[in-house]
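Some notes on the structure that comes next.
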Amino acid sequence: MPRLVMKFGGTSVADVERIRNVARHVKREVEAGQEVAVVVSAMAGKTDELVAWCKEAGSHFDNAEYDAIVASGEHVTAGLLALVLKDIGLEARSWQGWQIPLTTDDAHGSARISGIDGSRLIEGLKQGEIAVVAGFQGLHKPTNRVTTLGRGGSDTSAVALSAAIHADRCDIYTDVDGVYTTDPRVVPKARRLNRVSFEEMLEMASLGAKVLQVRSVEVAMLHKVKLCVRSSFDDPARPKPGTLICDEEDIVEQQVVTGIAFSRDEAQITLREVADKPGVAAAIFVPLAEANINVDMIIQVVSDDTTTTDITFTVAAAEFDRAKLILEERREKIGYSKLNGAEDVVKISAIGIGMRSHSGVAARAFKALAEKGINIRAITTSEIKFSMLIDEPYTELAVRTLHTLYGLDAKG
Ligand code: ADP
Ligand code: ASP
Ligand code: MG
C-alpha cells in the first residue's frame, strides 16, 4: 500500500474547526488507499506563548525545562486531531516524540534527530490506524529528557519520519499553496513555483524563507524524500498539487534567478582602526567561533594610512549582544579604536542554479538598488546565490526591485 506523511503547520491547526478541516484532508488520502501518518505543529501562536511563559517564569534559563514546556503545544494538537479523526469514523491514535521514540542529541532548543524507530508506527499503519505524531519534539535517551528541534522543527519531524517509515511522499501543508519566488505576504506579485530544486530550496530556507525549516530540506536531500509544499486551505475535495522539491535534473523551465529571500535576523558589527597586521582576523574571529557565534558576511577596508583597517561583519541578531561583549573584553588584545553596531539591517539574497552558468547577475542587482538610492553595506556571493546587507526600512523596496529585475513577477 502507498504510504504518505502529511504535516500541518500552526495556522492549519489554529482551532478545533481548522483541525476538523485537516481531518478532511486526511480522510481524502485514506479513502484514496494510502497508509497515512500525520505530523502536527502546535496551534498558531501557542509556541510563542509558551516561550514567553518560560522567560517570565525563570530568571535562570534552563534549556531542558524550556523544552519540556514548549513541546507541550504539539502534545495537545496531536491528541485533538486523533479525537477528531475518530469522530469522523477513522481509526487513529496520537504519538508523542518519546513514545515512538524519535531520539535526538542533547542540544536542547535545537536538537538534531539521531534516530527514529518506525516499527511500532508501521505496525499500526498496516492495520489501518492513522498515526498522529506530535512534531517538533524528541527524546534524549541517556538523560531521558524531552527535546525540541528548533523553531519550525515540525517540518523536520515530518521529513525524517517519512524517511524512517519509507513513505512514498511527504506533504507539508501550510497557509500558502506552495513555495513562491519570494514571500507572497511581502510581494503580492510573487509567483508560485511548480518545482524547485533541493539546492535552491536549501539556500532559500537558510537565507530567510521560513516556509520550510532548513534541516527538513537537508534531511529530504539526504534521504531522497519526495517533498511537496501545499495548502491546507484548499478545498479538501479538490486540493492543488503545490510545489514539488526535486532534483535539479527534474526542473524543466530554468531561470537564472529562481527566488529572492530576506532575513531580518541580522546584526552588523564594525571594528574601527584595527591594526593592519597578521593575526588580527584570528584575534577577532577565533573567540567568536569558540563561543559558537556564527559570522556570516565579512568585509575588510584598507584605510589610507595603511597601518589600520576597518573590519565589518554580521552575526545573527540573537547573538549580537554576546558578540559585542566578547569583542569589548578583548579590545586591547585585538587593538581597535571603536566598536559600532547596527541591528536595523536586513540581508537580501537572490538564489538560482542558473547563476553557475551566467555572469554579471549580481552586478545587475547592485545597479538596480543604486538607482533606487539603496546603500549596500556588505556583499557575499557563492555558487548559486548572492546576498546584500542593507538598511531595514528598504527591505520591501529592495525585494520588489530584485523580483522585477529578474523577471519573477506574476503576469497580469
Ligand atoms: P507553518 O506554520 O505552516 O509551518 P510557516 O509560517 O512556518 O507555516 O511558513 C509559511 C509562511 O512562509 C508563509 O505564510 C509565508 O509568509 C512564508 N514564506 C516566506 N518565504 C516564502 C516563499 N518563498 N514561499 C512561500 N512562503 C514563504
Ligand atoms: N511549534 C513549533 C514552532 O512554532 C514548531 C513548528 O511549528 O514547526 O516553531
Ligand atoms: Mg513552519
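Only a predicted model underlies this, so the values are computations on that prediction, with no experimental measurement involved. We count ligands from 1, going down the list as the structure has it; atoms in each ligand are counted the same way.
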> Starting from atom 4 (O) of ligand 2, which protein heavy atom do you reach first, and at what distance in Å?
Replying inline: Arg151 NH2, 3.0 Å

>> Is it the case that the side chains of Thr143 and His140 hold a donor-acceptor pair, with the cut-off being a distance below 3.5 Å and no angle test?
In response: yes

> If only atom types and distance count, is the side chain of Thr258 paired as donor or acceptor with the main-chain N or O of Gly352 below 3.5 Å?
Replying inline: no

> Does Gln213 have a non-hydrogen atom less than 4.0 Å from ligand 2?
Replying inline: no

>> If the condition is side chain to side chain contact (heavy atoms under 4.5 Å, CB included), which residues does Asp344 pass it with, not counting sequence neighbours?
In response: Ala342, Glu392

>> Below 4.0 Å from ligand 2: does a non-hydrogen atom of Gly153 turn up there or not?
In response: yes

> For ligand 2, is there an N or O atom under 3.5 Å from any N or O atom of Asp155?
Replying inline: no

Scan the side chains in residues 37-47 for donor-acceptor partners under 3.5 Å anywhere in the protein, sequence neighbours excluded, and list what turns up.
| from | atom 1 | to | atom 2 | distance (Å) |
| --- | --- | --- | --- | --- |
| Ser41 | OG | Ser154 | OG | 3.3 |
| Lys46 | NZ | Glu49 | OE1 | 2.7 |

> What pairs of residues pass the ring-ring contact (aromatic ring centres under 6.0 Å, His included) test when at least one of them lies in residues 169-211, not counting sequence neighbours?
Replying inline: Phe8-Tyr173, His25-Tyr173

> Going by atom types only, do Glu273 and Ser337 share a side-chain donor-acceptor pair under 3.5 Å?
Replying inline: yes

> Can you list, by chain and residue number, every protein residue with a non-hydrogen atom closer than 4.0 Å to ligand 1?
Replying inline: Lys7, Gly9, Gly10, Thr174, Asp175, Val176, Gly178, Val179, Tyr180, Thr182, Asp183, Pro184, Arg185, Met204, Ala209, Lys210, Val211

>> I'd like to check which ligand 2 atoms, numbered from 1 as shown, lie under 4.0 Å from a non-hydrogen atom of Glu74.
In response: 1 (N), 2 (C), 5 (C)

>> Suppose I only count heavy atoms of Gly152 and a 4.0 Å limit; which atoms of ligand 2 are within that range?
In response: 3 (C), 5 (C), 6 (C), 8 (O), 9 (O)

> Of the options Asp321, Asp265, Ile293, which is the one that meets Val315 in a side-chain contact (heavy atoms from CB on, under 4.5 Å)?
Replying inline: Ile293

> Just by distance, with hydrogens left out, do Ser119 and Asp117 show a side-chain donor and acceptor under 3.5 Å apart?
Replying inline: yes

>> Give the atom numbers and elements of ligand 2 that come within less than 4.0 Å of a heavy atom of Ser41.
In response: 6 (C), 7 (O), 8 (O)

>> Assess, by modelled atom type and distance only, whether the side chains of Gln213 and Thr156 contain a donor and an acceptor separated by less than 3.5 Å.
In response: yes

